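Please read these numbers as outputs of a predicted model, since none were measured by experiment.
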Amino acid sequence: MEQREPIPGWARFFLAFADLTIWKAPGAPRIRVAWAVDLHKIITLFIIYGMMQYYNNFSTATWVYLGLHGIYGYCWLIKDFGFRDHQLNQKLSLLGAINLYVFLIGWYWLTPWLMISRFIEPSGPMLFAAIAVHTLGVVLMVAADGQRHWVLKYRQQSGLITDGVYRYTRNPNYLGELMLYAAYPLLAQHWIAWVIYGYMAVYFLARMKNKDHAISRHPGWQDYKCQTGLLIPWRLLTGGALADRLKEHNQGSGEASANAK
């Protein structure tokens with residue numbers, strides 16, 4: 001009998017709530033998920049700039065925030081046009097699209113308001129930290145989604161993706177998103193911004209648990225699970241990845257020597 005990774009009860013509840021209110025909301029499906037999400041990405045730049053105009057707050061910090069949060073949406077659009085996640089091609093009812101904003105993505109606009117309306121001036125090191133984690137997060141997320149898209153498109157057989165950015169974490173795309181979204185509450189410096197971030201992180205974690213349940217049907221799952229973290233690439237952070245590289249290098253050198261003989 002096939003044994004799969006279980007989905008915790010809290011994750012099942014969270015996913016069921018999202019299904020009921022968003023993905024399977026009543027009404028005829030008529031709006032692609034991608035259209036609703038892309039609209040959010042496009043107008044976020046203008047909403048944040050509108051807040052700057054309304055509060056007459058054009059500090060260096062607010063321009064940095066606009067450049068990070070506002071332009072991230074266009075980084076997403078480039079990715080979406082190049083290799084869209086197939087799940088975003090699903091369709092929502094009008095109610096589902098509205099609830100997508102009400103229960104999920106609309107909350108992201110509260111974070112810049114908390115910063116701009118309160119005239120927050122983060123320190124230089126804080127600006128550096130926000131830009132650094134945001135940049136690393138965007139690159140990791142795009143790299144992970146790109147690798148997954150092209151592997152699934154051209155690989156002949158289904159199975160686990162165990163190399164590249166998926167070698168030490170099973171969810172590099174979610175790790176990248178959590179990194180880049182952490183930049184915004186870092187700049188807003190308000191506990192409500194961190195609550196919004198935590199709410200998003202819990203939803204991401206529920207989806208990660210659901211993904212583990214789905215991919216655990218493939219051969220090699222137990223070995224891959226032992227090698228990777230659900231989110232954090234622990235072997236990369238603790239030096240295990242370096243040991244793996246040295247072992248591979250030594251094996252490659254040994255094979256080359258044997259072939260030379």
Side-chain angles (χ1 to χ4, degrees), residues 2 4-48 50-51 69-70 72-114 141 144-145 148-149 152-153 158 170-171 173-174 176-178 180-181 184-185 192-217 230-231:
E2 185 182 68
R4 293 203 189 187
E5 287 293 312
I7 304 175
W10 66 266
R12 289 198 303 270
F13 173 81
F14 214 109
L15 294 170
F17 177 77
D19 279 346
L20 179 66
T21 58
I22 301 173
W23 314 119
K24 297 178 182 178
R30 62 182 66 180
I31 301 171
R32 289 192 186 277
V33 177
W35 300 347
V37 173
D38 289 353
L39 176 63
H40 178 270
K41 304 300 184 183
I42 291 169
I43 65 177
T44 291
L45 175 71
F46 301 99
I47 288 176
I48 296 173
M51 294 177 186
H69 198 164
Y72 163 62
Y74 294 85
C75 296
W76 170 277
L77 289 173
I78 293 172
K79 181 182 75 74
D80 187 63
F81 293 153
F83 39 89
R84 174 179 292 172
D85 187 332
H86 70 279
Q87 295 180 350
L88 296 179
N89 285 321
Q90 299 176 11
K91 290 188 176 181
L92 300 171
S93 67
L94 179 60
L95 176 60
I98 292 172
N99 285 342
L100 176 65
Y101 280 73
V102 171
F103 291 112
L104 286 179
I105 59 180
W107 289 98
Y108 293 141
W109 292 328
L110 186 56
T111 299
W113 177 78
L114 288 168
M141 183 268 293
D145 281 355
R148 181 185 61 184
H149 174 84
L152 295 178
K153 183 173 182 178
S158 63
R170 301 194 292 281
N171 294 283
N173 48 347
Y174 283 124
E177 286 200 74
L178 286 169
L180 72 91
Y181 276 112
Y184 309 147
I192 292 178
W194 285 110
V195 169
I196 295 169
Y197 178 82
Y199 173 71
M200 175 197 70
V202 170
Y203 178 63
F204 281 0
L205 184 58
R207 291 182 64 92
M208 286 184 253
K209 291 293 187 179
N210 188 57
K211 177 187 171 183
D212 267 7
H213 174 76
I215 67 176
S216 61
R217 72 186 187 277
L230 174 67
L231 180 67

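By the 6.0 Å contact criterion, CZ on Phe13 is open, its count of non-hydrogen atoms from other residues, nucleotides or ligands being 12 or less.
Taking Phe204 as the reference, Tyr174 meet the ring pair (Phe, Tyr, Trp, His ring centres under 6.0 Å) condition, with sequence neighbours excluded. When the ring pair (Phe, Tyr, Trp, His ring centres under 6.0 Å) test is applied to Trp107, no partner is found at least two apart in sequence or on another chain. The side chain to side chain donor-acceptor pair (under 3.5 Å) check on Gln90 picks up nothing, with sequence neighbours excluded. Residues that satisfy the salt bridge (charged side-chain N to carboxylate O under 4.0 Å, His left out) test with Asp19, not counting sequence neighbours, are absent from this structure. Looking at residues two or more places apart in sequence or on another chain, you find a ring pair (Phe, Tyr, Trp, His ring centres under 6.0 Å) between Phe17 and Phe103. Listed by chain and residue number, Arg170 satisfy the salt bridge (charged side-chain N to carboxylate O under 4.0 Å, His left out) test with Asp212 (two or more places apart in sequence, or in another chain). Every side-chain contact (heavy atoms from CB on, under 4.5 Å) that Trp113 has, sequence neighbours left out, goes to Met51, Tyr55, Leu110, Ser117. Legend: residues meeting salt bridge (charged side-chain N to carboxylate O under 4.0 Å, His left out) with Lys79, ordered by chain and number and at least two apart, are Asp145. Residues that satisfy the side-chain contact (heavy atoms from CB on, under 4.5 Å) test with Val195, not counting sequence neighbours, are Trp191. Under the rule for a side-chain contact (heavy atoms from CB on, under 4.5 Å), the partners of Ile105 that lie at least two apart in sequence or sit in another chain are His40, Leu100, Tyr101, Tyr108. With sequence neighbours excluded, the residues satisfying side-chain contact (heavy atoms from CB on, under 4.5 Å) with Ala206 are Trp10, Ala11, Phe14, Leu15.
Considering CG of Leu231 and CG of Leu205, their distance stands at 8.0 Å, rounded to 0.5 Å. Ile48 contributes atom CD1, which lies 10.5 Å from atom CD1 of Ile43 (distance to the nearest 0.5 angstrom). With values rounded to the nearest 0.5 angstrom, Phe83 atom CZ is found 10.0 Å from Ile78 atom CD1. Summarising the geometry, atom SG belonging to Cys75 is positioned 9.0 Å from atom CG belonging to Leu180; distances are rounded to the nearest 0.5 Å. One finds the CE atom of Met141 at 14.0 Å from the CG atom of Asn171 (value rounded to the nearest 0.5 Å). Interatomic distance, Thr21 OG1 to Asn99 CG, rounded to the nearest 0.5 Å: 5.5 Å.
For the residue pair Leu178 and Tyr197, the shortest heavy atom distance occurs at O-OH, 2.7 Å. Of all heavy-atom pairs between Arg4 and His213, the closest is CD-O, 3.1 Å.
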Glu177 vs Asn173, side chain to side chain contact (heavy atoms under 4.5 Å, CB included): CA-CA, chis, key distance, verdict: CA-CA 6 Å; Glu177 286 200 74; Asn173 48 347; 5.5 Å; no
Verdict with reasoning, Tyr72 to Lys41, per side chain to side chain contact (heavy atoms under 4.5 Å, CB included): CA-CA 8 Å; Tyr72 163 62; Lys41 304 300 184 183; 3.6 Å; yes
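Under a 3.5 Å cut-off, the side chain of Asp85 and the backbone N or O of Gln87 do form a donor-acceptor pair. Between the side chain of Ser216 and the backbone N or O of Glu5, at least one donor-acceptor pair lies under 3.5 Å.
For the pair Asp38 and Arg84, the minimum side-chain heavy-atom distance is below 4.5 Å.
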Side-chain polar contacts of residues 22-35 - donor-acceptor pairs under 3.5 angstrom, sequence neighbours left out - could you list them?
unit_1 : atom_1 : unit_2 : atom_2 : d
Trp23  : NE1    : Tyr203 : OH     : 3.4
Arg32  : NH1    : Asn89  : O      : 2.7

